[in-house]
Amino acid sequence: MKLWSTTYIPTLKESPAEAEIASHQLLLRAGLVRKLGGGIYTFLPLGLRVLEKVKQICREEMEAGGGIEVLMPHIHPVEFWQKGPRWNAVREVMFSAGSASASVKQGGEIQYVLGPTHEEVITPLVAAELTSYRDLPRNFFQIQTKFRNEIRPRYGLMRAREFVMKDGYSFDTTDEAANESYHKMEAAYRRFFSRVGVRYIAVEADTGVMGGSFSHEFMVPAEIGDDDVVYCEQSGYAANREKATSGLVPKDLADAAPCGAVEEFATPGVVTIAALEQAPFSVPADQQFKTLIFIGDDKPFAIVLRGCDELEEAKLGSLGFQLFRPATPEEIEPVMGARPGSLGVVKGTIKNPKALAGIFVDHAVRLIGNGTTGANKDGYHLRNVNVARDLAVTRFGDFRRVREGEPCPRSGQPLKIARGIEVGHVFKLGTKYSDAFGAMYMDDKKQKHPMIMGCYGIGISRTLQAVIEQCHDADGIVWPWSVAPYHVLICVLDPQLAPAMEIAQKLAKAAEAAGADVLVDDRAERPGVKFKDADLIGIPLRVTVSSRGLAEGMVELKWRTEKQFTKVPVAEAEARLTEAVQKAAAGQPRA
RNA sequence: CGGGGUGUAGCUUAGCCUGGUAGAGCGCUACGUUCGGGACGUAGAGGUCGUGAGUUCGAAUCUCACCACCCCGACCA
């Protein structure tokens with residue numbers, strides 16, 4: 001039992017200007033955290049209690065999934081990162097941790113960095129410690145503070161420079177075993193998020209350059225999220241928008257027959273899809289070919305989409321280029337023969353086809369059959385262009401961005417799109433890090449092989465805020481039982497009356513015996529203030545003890561989720577409270 | 001890093017355009033009246049007006065630079 005007067009819960013009536021979204025405002029108003037600097041927060045007692053509960057649930061589910069807990073350092077000698085496979089890519093978001101003394105810092109190299117994640121630490125450890133197939137599989141995890149110098153911290157704990165993360169790493173001998181580790185973690189993640197009390201969607205995520213590996217993101221649906229989740233309620237299909245496909249193009253689509261000879265026509269000044277839709281041309285966007293030129297590893301390549309479609313740039317990762325960017329008009333003209341606005345990939349019209357590293361055509365283009373495209377001659381277009389007969393195609397692929405309402409690739413039902421916050425990510429890594437750090441094992445034939453790795457992250461502090469974002473109303477937070485900082489709040493309206501406090505103590509003991517964490521509001525505040533604060537900090541079950549109630553021999557029980565309270569005779573109060581706590585803990589939050 | 005915005009008491013802010021005494025509400029302290037959904041009165045404490053330079057007799061107010069924070073984009077748990 002904790003007395004309000006002996007802890008520190010600084011609630012705010014008004015919300016600080018810096019907080020724009022509900023969860024961020026409530027973090028501050030309910031006295032859970034305070035900001036030290038951009039993206040850097042202190043956890044106050046109430047916030048810390050929630051954080052610890054989320055961590056504990058995570059720990060339990062990780063161990064249930066075979067995870068072994070360790071704690072790695074926050075500061076890393078920089079050599080480990082320099083030796084790793086992504087130093088140049090990650091150093092921008094890493095904090096250095098050299099000496100604070102200016103004289104030492106001058107001209108000196110960075111010697112330490114603050115850990116943004118720990119592949120570069122766990123892999124050398126495992127490389128040194130585990131050498132035999134008999135040592136595997138192993139799956140290590142830790143719950144620890146991470147440091148990333150975010151370009152733009154925002155939304156409180158949602159994107160912070162310092163945040164609490166659970167990170168885990170699995171090491172296996174074979175691909176099949178690694179897949180098993182992966183699926184164990186995926187299952188553990190589902191249990192974790194369910195227990196914490198957030199609605200989530202597990203989506204297929206982009207694997208980038210890792211090729212055949214796979215990846216799932218755990219997303220919490222929220223308006224303020226910065227990812228789009230594409231999903232189908234009927235089939236259960238769900239994917240990050242970067243990776244999502246639709247069933248728009250039937251698998252058995254036959255190529256359309258030509259409808260006449262390709263014909264050039266003048267389109268002076270027409271350089272956009274929209275302009276070609278206007279009279280006198282009146283070509284609908286879905287009958288136009290959109291030709292985009294990119295530079296991939298210094299060579300130009302072409303992407304062809306329908307005029308009405310948009311490119312999903314992340315999907316170009318599957319083409320195998322390390323780096324790519326849109327080409328400039330100056331780079332395009334010598335290759336194609338025209339500037340953007342008059343481009344096309346009709347055979348024989350490309351000025352220098354050999355310069356192109358490839359012509360990649362989106363599957364949906366086949367829906368056009370016969371359409372209109374640029375003539376590679378400024379101010380001219382071609383009509384009656386037949387996809388099968390006339391286009392120069394290296395290969396077809398999926399390059400377009402999926403739109404809401406398109407058919408699900410599995411069920412054919414309309415796809416929906418929602419915003420989401422990424423709170424977890426499971427990723428099959430392969431041997432990227434084991435190769436770099438020599439994490440090898442010897443098999444039973446004395447052959448050495450790199451270990452197959454997986455990595456698994458959960459944003460603990462971000463999950464905490466995601467819970468608030470999902471579980472609040474106009475009055476404040478509405479904590480799920482599992483992570484509530486306290487389960488029961490005993491509001492003593494007249495704490496100066498000894499009998500009132502005695503009853504509060506007795507009830508607190510009963511609730512604790514039933515397994516609840518209890519907070520007693522013993523402040524000499526007016527009732528209105530106490531009730532407002534109670535709603536704000538969102539404790540699931542409130543017990544009100546007042547002189548007025550005691551005069552008729554009653555105390556009151558009230559759930560945070562309900563408007564009405566229930567009067568209970570003092571004599572029955574302990575039993576009723578015990579029962580309520582047990583039911584709530586068992587997942588039936590009703591009195 | 002690009003675009004936009006804001007910096008005045010612990011919090012929310014007025015004043016700035018049109019230069020001349022820094023104001024309010026919440027919170028805080030004391031006393032009194034109140035006492036079931038953020039009470040009221042009286043009296044107080046609390047301000048380098050983000051920092052630095054400039055213009056001016058005089059700058060919160062005008063100019064410049066810098067810093068911090070917030071929002072929108074590219075990246076991420």
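Throughout, protein chains are lettered first and strands after them, A, B, ... in sequence-line order, and every chain is numbered starting at 1.
Across all strands shown, the partner of B:C62 is B:G54, judged by Watson-Crick or G-U wobble contacts whose two distances both fall under 3.5 Å. Applying the Watson-Crick and G-U wobble criteria (two distances, each under 3.5 Å), B:C49 pairs with nothing in any strand. B:A68: Watson-Crick or G-U partner is B:U6, with both key distances under 3.5 Å. The base-pairing partner of B:C1, taking Watson-Crick or G-U wobble contacts with both distances under 3.5 Å, is B:G73. Here B:U13 sits opposite B:G23 as a Watson-Crick or G-U wobble pair (both hydrogen-bonding atom distances under 3.5 Å). The partner of B:G41, taking Watson-Crick or G-U wobble pairs whose two distances both stay under 3.5 Å, is B:C31.
The stretch residues 469-476 of chain A has no heavy atom under 4.0 Å from RNA chain B, so no residue of it qualifies as close.
In this structure, the ring-ring contact (aromatic ring centres under 6.0 Å, His included) partners of A:F360, at least two apart in sequence or on a different chain, are A:F301. Residues satisfying the side chain to side chain contact (heavy atoms under 4.5 Å, CB included) test with A:A573, not counting sequence neighbours, are A:L507, A:V555, A:V568. Not a single ring-ring contact (aromatic ring centres under 6.0 Å, His included) links A:Y169 to another residue, sequence neighbours left out. Scored by the side chain to side chain contact (heavy atoms under 4.5 Å, CB included) test, A:L125 finds A:I122, A:E129 as partners (sequence neighbours excluded). Every salt bridge (charged side-chain N to carboxylate O under 4.0 Å, His left out) that A:R159 has, sequence neighbours left out, goes to A:D226. Legend: residues meeting side chain to side chain contact (heavy atoms under 4.5 Å, CB included) with A:M94, ordered by chain and number and at least two apart, are A:W81, A:W87, A:V90, A:V113, A:P116.
Between A:D227 and A:R419 there is no salt bridge, since no side-chain N of the basic residue sits under 4.0 Å from a carboxylate O of the acidic one. Under 4.0 Å is where a charged nitrogen must lie from a carboxylate oxygen, and between A:R86 and A:E119 at least one such pair does. Between A:R560 and A:D475 no salt bridge is recorded (no basic side-chain N to carboxylate O distance below 4.0 Å). Between A:D398 and A:K315, at least one side-chain N (NZ, or NE/NH1/NH2) sits under 4.0 Å from a carboxylate O, which counts as a salt bridge.
Between A:R560 atom CZ and B:G37 atom P the separation is 17 Å, expressed in whole Å. Here B:U13 presents its P atom at 13 Å from CG of A:L12, a figure rounded to the nearest Å. Going from atom NZ of A:K563 over to atom C1' of B:G37 covers 13 Å, rounded to whole Å. Taking atom CZ of A:R526 as the reference point, atom C1' of B:C26 lies 15 Å away to the nearest angstrom. Atom pair A:Q496:CD and B:C35:P shows a separation of 13 Å (rounding to whole Å applied). Across the protein-nucleic acid pair, A:L36 atom CG and B:A68 atom C1' stand 13 Å apart, rounded to whole Å. As a whole-Å value, the separation of A:K567 NZ from B:G36 P is 14 Å. When rounded to the nearest whole Å, the span between CG of A:D494 and P of B:U34 equals 15 Å.
Going from the C1' atom of B:G36 to that of B:G32 covers 23 Å, rounded to whole Å. Across the P atoms, B:G54 and B:A59 are found 12 Å apart, a figure rounded to whole Å. Taking the P atoms as reference points, B:C64 lies 15 Å from B:G4, given to the whole Å. Here the separation of B:G7 from B:C49, taken at their P atoms, is 15 Å to the nearest Å. The same atom, C1', is picked in B:G37 and in B:C71; the two are 35 Å apart, to the nearest Å. With C1' as the reference atom, B:G3 and B:U51 are 25 Å apart, rounded to whole Å. Taking the C1' atom of each, B:G19 and B:G25 are spaced 28 Å apart, rounded to whole Å. Separating the C1' atom of B:G47 from that of B:U12 is a span of 16 Å, rounded to the nearest Å.
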Protein within reach of the bases, or only the backbone? For nucleotides 46-51 of chain B, mark each nucleotide 5' to 3' as B, S or -, using heavy atoms under 4.0 Å. ------
B/S/- contact track for nucleotides 69-77 of chain B, protein heavy atom under 4.0 Å: SSBBBBBBB
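A:T463 comes within 4.0 angstrom of nothing in the nucleic acid, heavy atoms only. Among the atoms of the strands shown, base atoms are found under 4.0 Å from some heavy atom of A:R542. Residue-level contact check: A:Q144 touches neither bases nor backbone, having no heavy atom under 4.0 Å from any strand. If you check every strand for non-hydrogen atoms under 4.0 Å, A:I421 touches nothing.
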For residues 64-71 of chain A, dump all side-chain donor-acceptor pairs below 3.5 Å to protein atoms at least two apart in sequence or in another chain.
from  : atom 1 : to    : atom 2 : distance (Å)
A:E69 : OE1    : A:R59 : NE     : 2.8
A:E69 : OE2    : A:R59 : NE     : 3.3
A:E69 : OE2    : A:R59 : NH2    : 3.1

Enumerate, atom names and distances included, each donor-acceptor pair closer than 3.5 Å involving a side-chain atom of residues 7-21 of chain A, sequence neighbours excluded.
from  : atom 1 : to     : atom 2 : distance (Å)
A:T11 : OG1    : A:D533 : OD1    : 2.9
A:T11 : OG1    : A:D533 : OD2    : 3.4

Identify every side-chain donor-acceptor pair in residues 37-49 of chain A under 3.5 Å, counting partners at least two apart or on other chains, and give the distances.
from  : atom 1 : to     : atom 2 : distance (Å)
A:Y41 : OH     : A:H24  : NE2    : 3.4
A:R49 : NE     : A:P485 : O      : 2.7
A:R49 : NH2    : A:P485 : O      : 3.4

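At a threshold of 4.5 Å between non-hydrogen side-chain atoms, the residues A:W4 and A:V520 do not count as touching.
One N or O donor and one acceptor, one from the side chain of A:E14 and one from the base of B:G25, sit under 3.5 Å apart.
For A:R29 and A:P16, each mapped to the nucleotide of RNA chain B holding its nearest heavy atom, the one lying further toward the 5' end belongs to A:P16.
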